[in-house]
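Since the structure comes first, as structure tokens, the remarks are kept for the end.
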There are 2 protein chains.
Amino acid sequence: MQTGRVERLPTLEDVARVAGVSRATVSRVVNGIRNVDPQLHELVWDAVGRTGYVPNRLARSLVTRRTGTVALVVSDSEAHDDDPFMGRFFADPYFGRVVGGLMSVLRTAGIQLALQIAGTEDQRTRLVGDLRHGQADGAIVLSLPGRDPLPRMLTDAGVPAVMIGRPADPVPINYVDLANDSGAALAADHLVATGRHTIVMIAGPPEVPASNDRTTGFRNAMARHGHGWVPVAAGNFTQESGEAAMRTLLAENPALDGVFVANDVMALGALLALREAGRDVPADVSLVGFDDSSAATSASPPLTTIRHPLEDMAAEAAKLLLARIEDPGMRVSAVIYEPTLVTRRSA
Amino acid sequence: MQTGRVERLPTLEDVARVAGVSRATVSRVVNGIRNVDPQLHELVWDAVGRTGYVPNRLARSLVTRRTGTVALVVSDSEAHDDDPFMGRFFADPYFGRVVGGLMSVLRTAGIQLALQIAGTEDQRTRLVGDLRHGQADGAIVLSLPGRDPLPRMLTDAGVPAVMIGRPADPVPINYVDLANDSGAALAADHLVATGRHTIVMIAGPPEVPASNDRTTGFRNAMARHGHGWVPVAAGNFTQESGEAAMRTLLAENPALDGVFVANDVMALGALLALREAGRDVPADVSLVGFDDSSAATSASPPLTTIRHPLEDMAAEAAKLLLARIEDPGMRVSAVIYEPTLVTRRSA
DNA sequence: AACACTTCGGAAAGCGCTCTCCAAAGCTTC
DNA sequence: GAAGCTTTGGAGAGCGCTTTCCGAAGTGTT
């Protein structure tokens, strides 16, 4: 049946005519506002059923200034058009875990998620403009690189927003974050406790705050254990970069017997490079990852890693945003999660 | 600065007043419609700049019946509330790859993606109602289980929609799919060609069409090679289920030397079970996966698998939908992708 | 100079809904 | 039974935008 969308859908007006009441009354009944005479009430619902009326959310939103939508903004201020990076980002378990966590909360609240990409300057201003107009009731921001102007723009515009991951520059914005430094410290403690002496690290991009925290957290903890100097090679969170970094580290520190890797996906790459070099994990080298993503369990040996409760954090971010939308005056708050060590076979 | 969203945003009216023209003229200029006197044109743009005007998409959509949004509907007709399954689904690389593919097209078209979950009967009718009202211009449907009533509802309602994966029941709906059966045949050919004799399969849930096609495709191809009977154990596409299925198969067919697994994630589980049983891959047992997801490359040994060009398929689905939105009379079409064999180390 | 065309900008009618007024009606209370 | 209250439903004014319809210029033709 190729009807297209030609025939006009029933409106409030139609229902009112059928029920023999005014538009206002129908609106009140449908929204359950104020006491309406039970008889009329039933009459109206009956008419709603007979006409097959469904409220038009757009029209409603226009007047109520509420859309029942929140935006998930993936902000990548360094993106170029056709940057293959975005594709990689979506395929990474990180993205899916965030979406899953958000939806677990939003779904029950009957709120939908609109995916937005803010790459260029232009997209950013349009996005903020749309949000100010109430295109969405608020925004969850996933900020990839450092120096992202978006968080500031959002707060200046008075748009309710919550970041997942702390903003690179101090901005009065709600956020949910992980104590990345203490997670890294956990890894350091574990490597030292299991008797490793020559310990190195594969870090993520230094301009990403989360990544940077892991590096400094690890260095500080190692210093407390008397290791004043830790060789570090940086990757960009991809498997290939982890492999490359591991090769570099092996070349420069043949005696290494412990590695901390800033995320599991890079750890997978490191595992490959170690095997290639004939080093057994965990017999010759202990390896600790970060995130406890699906990559960690599927690796062989399964990765000892730092558990990052990303789903919970995303869910918390959603709750925070909802609260913020309800009460715009709410004071800016941050929720920091403590990571835990998950011991598997690699260390 | 805790401004909230109190101060009224500039409207078309405001711009018109500043520019000294009518609302209609401003609208025409902003939308680049019809020739407007170059002088007025400049005057208007100037006023737009001075007032900081941004069009209100909601108001515009209400009259144009175009939203610049397409819905990504994850349809799970068997979902229960708080079903943990959804979380698993989002974390699976499948979801992210689809989103990435869709966004690669939608992004350049300036269209946003709204994530919707259709689990219960109730959600489904509300969703269709909203879509008929033009809440979104069209829908991409990811239908998880068989017997999903949603595709039919969508076509009956005249909502432009494209499915990723063929509908379980014949429905006149556009879709993009993979030739799952010939992919499975590729795996069969490869296992036989590499000299394997005792070949088994780990299948997915039989009620999922894609999964079912892989099973029958594999069986048929094996039959052509003279293997009339192939032992099959079914999992549910998770790693644990793959591990369990592998254990069952090993117990029942100790002599097995070749395994085809209906997706890479389960293959990871199978790998674990095989190692546990002391079987070396690929020396003792050849293993072929399906999807060529990130799991395949990160496994050790890396998985020989059937490449599923999911991103391309999603991108094609997006293009198809856009075309369909442009021309609602477009005839229903299907695009079937041919999978290819990717040879790595596991077989 | 009169006519037919074309081009261009403004007035105004909606899109479908919510919600503030206001009037009517029902109820108490003295 | 009149004054004062509390329900209850309707009229109608928007929300911010697009777009049709027209009249006023401007252009060209005979």
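As a basis for the values below, the full set of heavy atoms in this structure was taken, side chains included, without hydrogen atoms, waters or symmetry mates.
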In whole angstroms, how far is the C1' atom of D/dC17 from the CG atom of A/D130? 14 Å
Could you please name the option among C/dG9, D/dG9, C/dA12 that lies closest to any side-chain atom of B/A24? C/dA12
side-chain hydrogen bond (donor to acceptor under 3.5 Å, both in side chains) partners of B/R166, counting only residues at least two apart: B/D213
Touch check for B/L58, heavy atoms < 4.0 angstrom, all strands: base, sugar-phosphate only, or nothing? nothing
Salt bridge B/E326-B/R66, side-chain N to carboxylate O under 4.0 Å: yes
Could you list the protein-to-nucleotides 15-17 of chain C atom pairs, N/O on both sides, closer than 3.5 Å?
{"residue": "C/dC15", "atom": "O3'", "partner": "B/R65", "partner atom": "NH2", "Å": "2.7"}
{"residue": "C/dG16", "atom": "OP1", "partner": "B/R65", "partner atom": "NH2", "Å": "2.8"}
{"residue": "C/dC17", "atom": "OP1", "partner": "A/Y53", "partner atom": "OH", "Å": "2.6"}
{"residue": "C/dC17", "atom": "OP1", "partner": "A/N56", "partner atom": "N", "Å": "3.1"}
{"residue": "C/dC17", "atom": "OP2", "partner": "A/L12", "partner atom": "N", "Å": "2.5"}
{"residue": "C/dC17", "atom": "N4", "partner": "A/R23", "partner atom": "NH2", "Å": "3.3"}

I'd like to check the side-chain contact (heavy atoms from CB on, under 4.5 Å) partners of B/E13; sequence neighbours left out, ordered by chain and number. B/T11, B/R17, B/R23
Name all residues meeting the side-chain hydrogen bond (donor to acceptor under 3.5 Å, both in side chains) criterion together with B/S61; count only those two or more places apart in sequence or in a different chain, and write none if there are none. none
Contacts of type side-chain contact (heavy atoms from CB on, under 4.5 Å), residue A/L43, not counting sequence neighbours: A/L40
Bend angle of the helix from C/dA1-D/dT30 to C/dC30-D/dG1, from helix axes over five pairs at each end, nearest 10°: 40°
Any residue meeting side-chain hydrogen bond (donor to acceptor under 3.5 Å, both in side chains) with A/S22, in chain and number order, not counting sequence neighbours: A/T25
Could you state the CZ-C1' distance from B/R28 to D/dT20, rounded to the nearest angstrom? 10 Å
Dump every N/O contact between nucleotides 23-25 of chain C and the protein below 3.5 Å, one line per pair.
none

B/T25 side chain N/O closer than 4.0 Å to the phosphate oxygens (OP1, OP2) of C/dG10? yes
By side-chain hydrogen bond (donor to acceptor under 3.5 Å, both in side chains), A/R152 pairs with (sequence neighbours left out) none
Which residues pass the side-chain contact (heavy atoms from CB on, under 4.5 Å) test with B/A318, sequence neighbours left out? B/L102, B/V105, B/L106
Under a 4.0 Å N-O cut-off, is there an ion pair linking A/D122 with A/R126? no
Rounding to a whole Å, what distance do you find between A/R17:CZ and D/dG10:P? 15 Å
Suppose we screen for side-chain contact (heavy atoms from CB on, under 4.5 Å). Which residues come up paired with A/D130, at least two apart in sequence or across chains? A/Q135, B/V54, B/R57
Checking B/D312 now: which residues fulfil salt bridge (Lys or Arg N to Asp or Glu O under 4.0 Å) with it, not counting sequence neighbours? none
